Amino acid sequence: MPMIQEILASSLRGALVALGVDPLPASIPVERSNRPELGDWSSSVALAAAKATGRKPRELADELVARMALDPPAYVAEMSVAGPGFVNFRLHDRWLHDVLTEVVEGGVDGYAAHDLGHGERVNVEFVSANPTGPLHVGAGRWAVYGDALCRILERCGYGVHREYYVNDRGVQMGLFAASLAAAKAGEPIPEDGYQGQYILDWAAEMPDGADPVVWAHQRVLADIGGALSSLGVEFDTWFSEQSMVESGAIDAALADLRASGLVDKRDGATWLRTTDLGLDKDEVLLKTGGEPTYFLGDIAYHRDKFTRGFTRLVDVWGADHHGHVARLKAGVGALGHDPDELEIVLGQLVTIMKAGQVVRMGKRSGTFVELAEVVDEVGPDVARLTFLLQSIDTRQTFDLDAVVSKSMDNPVFYVQYAHARIASIAKVAAERNVPRYPLEMVDLSELVHPRELDLLRSLGELPEVVADACRTRAPHKVATWVRELAGRFHGFYHDCYVMGEGVTHEQTQARLWLVEATRIGLAVGLGLLGVSAPDSM
RNA sequence: GCCCCUGUAGCUCAGCGGAUAGAGCGGCUGCCUUCUAAGCAGCGGGUCGCAGGUUCGAGUCCUGCCGGGGGCGCCA
């Protein structure tokens, strides 16, 4: 909570006590006013507290204002009552000038950083697409979302570990290798096999005598890793499902489940009685042939993550895995873990449009559009911001033609252009030998233009935006904030020259620092999104 | 049938229970003799899917309906 908010809330609380309001409201709401003509901040306490005290909201608000006027809170220039009983505070511009100082003192590394996590170790698993072919564009959403979420968690004091679960075991993997082998031998692709062009391309690459299973594994992971790298996404761990067969981790998980007394054998298969855990049906752990299911593997995998010392697991899945959520949580619970320590973020799916048509994604049919292809074409920044500007809870339509051809008016350039303009100001200042004096020597009260104050208002919101984005797992909130900050900077840039004719030395100094604070804000915001902040465009 | 997400401007989307619902794109119109016009400004555009409910106050919360997407495999 910004300091100013606490100051106002505390003053309001004092006035409520002095007026004998009892019981006090549980919290004192103080919000930024969306009515600038009425004030900078406002509180609706009077509306909430009036009923309990039997007074009219406006009367109570008037009394609060009168009381607070005896000892006005810091920064407050004027208090008034408006509407149904809002207490409005108009502040001296000094509170915004102090925001500037806070931003500069915090710097790119410290401003809007928090300690919400107290160093808690969080394992974030994302993408985890089947290693049976290249990533398709839609997977880019999980990659970029997961990575941005990790960056935000890190800034909020969590120890973050990025992880990719490689489902390199099971039916699909076998089909993939068999498809490659068949293509290499010039035989038809097996029924239910993978038909994409990449199968033919990779088969041609595969050396004679290579074990298709081993080679396919290595080839596909190199491809997936490369695509993610080009998007700026790097994982700490690529966790192999197959390795758990070899290490005995799957057997160990099964043994633990058996110890829970919830395991049955029937119809030739081994089941977990998830109905006893509140689900609609039981789930198979070992298939009739004795093969572990994906479900058992995933339980073992999450057990492993806990064993490695993570106290919070975040999985980012596409909504098409919705059906797996309840049973995995139940499975984790059966092992004695608190299911709430496993948090599953379901992202809504991406629809790809090309030439006005929906492109149906199917690795087996081979009709998908590769992520790597798109990133090559538009670059990581455009790809990232396009994914990140939208809430993960809404279905996203990724129009390839629009993203590619209109890339010149993509929001990413709008934001980056603001950063480039800042760099340009610094360059020109250097050329003209305009120094920037130490902040404590500069009179920030020169900053009075609405454009300047709006810019500072946005900068002052960043800490809350970051904390909120972290708590709600919503990186898009940072993305929309960055876009707004850039917009306000462009307005400032247009109306308020930093140097030149008609600008006093004092204004130049104050504005140079305002520009520096904006640079920090942009760098922090873009950094959290993994979008570059170029010095020239 | 049950579960999850969603419905806001022509389009794509924002919008901690607060006052007169915003942005970008598209359309029309202005602004480059000072730091990058990839910019700024103005105009036009809305029964926030529908109906109830809770509340001093609902785009926001609850219920029901309608529309869209996804899920309910011994696939992963």
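All chains are named by letter (A, B, ...) in the order of the sequence lines, taking the proteins before the strands, and each is independently numbered beginning at 1. Predicted model, so just to flag it, every value in this text is computed and none were measured.
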Kindly assign one of parallel, tilted or perpendicular to the pair A:Phe235 and A:Phe126, based on the angle between their ring planes and the thresholds 30° and 60°. tilted
Could you identify which residues of residues 39-49 of chain A place a heavy atom less than 4.0 Å from some atom of RNA chain B, listed by residue number, or say none? A:Ser42, A:Ser44, A:Leu47
Respond yes when some side-chain nitrogen or oxygen of [X] is under 4.0 Å from OP1 or OP2 of [N], and no when none is.
| X | N | value |
| --- | --- | --- |
| A:Gln348 | B:rG70 | no |
| A:Arg421 | B:rA37 | yes |
| A:Lys287 | B:rA76 | yes |
| A:Arg451 | B:rA41 | yes |

By nearest atom, which of the nucleotides B:rC75, B:rC4, B:rC35 is closest to the A:Val498 side chain? B:rC35
A:Asn34 CG to B:rU20 P, in whole Å, measures 9 Å
For A:Arg483 and B:rA23, give me the distance from atom CZ to atom P, rounded to whole Å. 11 Å
Hunt down any stem RNA chain B takes part in, defined as 3 or more consecutive Watson-Crick or G-U pairs whose two distances are each under 3.5 Å. B:1-7 with B:66-72, B:10-13 with B:22-25, B:27-31 with B:39-43, B:49-53 with B:61-65
Centre-to-centre under 6.0 Å for A:Tyr301 and A:Phe239, is that the case here? yes
Heavy atoms from other residues, nucleotides or ligands near CZ of A:Arg266 exceed 12 (cutoff 6.0 Å): yes
Would you say the side chain of A:Thr288 and the base of B:rC74 hold a donor-acceptor pair, judged only by whether the two atoms sit under 3.5 Å apart? yes
